[in-house]
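Please read the structure below before turning to the comments.
The residues of the chain are indexed from 1 along the displayed sequence.
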Amino acid sequence: QVQLVESGGGLVQAGGSLRLSCAASKGTATAYHMGWFRQAPGKEREFVAAIDRSGRNTYYQDSVKGRFTISRDNAMNTVYLQMDNLKPEDTAVYYCAADSGLLLSTRPSLYDSWGRGTQVTVSS
């Protein structure tokens, strides 16, 4: 398994921006597809965005398309989630996850490793 550590969460007003980072264990960058998920209080964990090993292919949940951007820097073993035009409904704990499977997936159950999460709170 790969070790993942998220950072960059915080409190922001609606319409604001945050950039989340996920640092992976050294030397593991290209071995995994990477995803961001989130979980709000009382709700199930949901898919937000994913990026394949090469960084050339991405996939987003419909509600964040056009507002969030996932990217990766394999040389730095880091994945990013740029979040713009944030809304109160984006409030959640955001988790970074790594998937060693063949195909890029939106299913949490297919991801092998998870970070501990970072809190994002958007005030109205």
Side-chain angles (χ1 to χ4, degrees):
Q1 287 189 338
V2 59
Q3 304 300 315
L4 302 171
V5 179
E6 303 96 335
S7 61
L11 173 64
V12 64
Q13 289 188 331
S17 298
L18 284 173
R19 188 175 83 154
L20 305 183
S21 298
C22 173
S25 306
K26 185 178 180 180
T28 60
T30 58
Y32 298 88
H33 301 310
M34 299 296 294
W36 285 97
F37 295 79
R38 66 187 181 187
Q39 188 166 17
K43 295 187 177 181
E44 292 188 353
R45 191 168 298 188
E46 66 174 1
F47 169 76
V48 176
I51 188 167
D52 71 356
R53 292 178 176 88
S54 71
R56 289 192 292 267
N57 298 295
T58 58
Y59 192 71
Y60 296 93
Q61 183 198 111
D62 286 346
S63 69
V64 307
K65 284 180 181 177
R67 299 189 298 121
F68 290 11
T69 304
I70 189 171
S71 62
R72 65 191 298 164
D73 183 339
N74 285 340
M76 297 295 293
N77 293 292
T78 303
V79 177
Y80 304 98
L81 186 68
Q82 177 67 40
M83 306 186 295
D84 298 317
N85 191 22
L86 282 160
K87 303 177 180 180
E89 52 263 42
D90 295 318
T91 295
V93 177
Y94 283 70
Y95 297 90
C96 174
D99 176 12
S100 61
L102 180 62
L103 300 176
L104 191 59
S105 175
T106 65
R107 296 169 55 186
S109 61
L110 296 182
Y111 282 75
D112 307 299
S113 303
W114 292 82
R116 292 189 173 186
T118 184
Q119 176 70 47
V120 172
T121 303
V122 185
S123 63
S124 57

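Under the 4.5 Å side-chain heavy-atom criterion for ILVMFWY residues, no single connected hydrophobic cluster contains both Val93 and Val12. Each of Phe47 and Tyr80 belongs to its own hydrophobic cluster when Ile, Leu, Val, Met, Phe, Trp and Tyr are linked at side-chain heavy-atom distances under 4.5 angstrom. Both Leu86 and Val48 are members of a single hydrophobic cluster when ILVMFWY side chains are connected at heavy-atom separations under 4.5 Å.
Looking at Asp90, Asp84, Asn85 one by one, the single match for side chain to side chain donor-acceptor pair (under 3.5 Å) with Arg67 turns out to be Asp90.
The two residues Ala97 and Tyr111 make their nearest non-hydrogen contact at CB-CD2, 3.5 Å. The two residues Phe37 and Thr106 make their nearest non-hydrogen contact at CE2-O, 3.5 Å. Contact record, Ala92 with Gln119: O-NE2, 3.4 Å, taken as the closest heavy-atom pair. Between Leu4 and Met34, the shortest heavy-atom contact is CD2-CE, 3.8 Å. Considering every non-hydrogen atom in both Tyr95 and Gly115, the closest pair reads CD2-O, 3.6 Å. Shown here for Met76 and Thr78, the closest heavy-atom pair between the two residues is O-OG1, 2.9 Å.
Summarising the geometry, atom CG belonging to Leu18 is positioned 8.5 Å from atom OG1 belonging to Thr118; distances are rounded to the nearest 0.5 Å. From Tyr32, atom OH reaches atom CG of Asn77 across 11.0 Å, with rounding to the nearest 0.5 Å. Taking CG of Asn57 as the start and CG of Asp52 as the end, the distance is 4.0 Å to the nearest 0.5 Å. Put simply, CG on Leu11 and OG1 on Thr91 are 8.5 Å apart, with the number rounded to the nearest 0.5 Å. Interatomic distance, CZ of Arg56 versus CD1 of Ile51, reported as 10.5 Å (0.5 Å rounding). Annotation: the span from Glu44 atom CD to Gln39 atom CD amounts to 8.0 Å, rounded to 0.5 Å.
Although no hydrogens or angles enter the test, the distance criterion places a donor-acceptor pair under 3.5 Å between the side chain of Ser25 and the main chain of Gln3. The backbone N or O of Gln82 sits nowhere less than 3.5 Å from a side-chain atom of Thr69 that would complete a donor-acceptor pair.
Glu89 CD: more than 12 foreign heavy atoms inside a 6.0 Å radius.
Considering only heavy atoms from C-beta on, Val64 comes within 4.5 Å of Arg38 through its side chain.
Ring pair Phe68/Trp36: centre-to-centre distance not below 6.0 Å.
Asp112 and Ser100 share a side-chain donor-acceptor pair at under 3.5 Å.
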Intermediate values then yes/no, side chain to side chain contact (heavy atoms under 4.5 Å, CB included), Arg53 and Leu104: CA-CA 9 Å; Arg53 292 178 176 88; Leu104 191 59; over 6 Å; no
Verify salt bridge (charged side-chain N to carboxylate O under 4.0 Å, His left out) between Glu6 and Arg116, making sure each step is shown before the conclusion. CA-CA 7 Å; Glu6 303 96 335; Arg116 292 189 173 186; over 6 Å; no
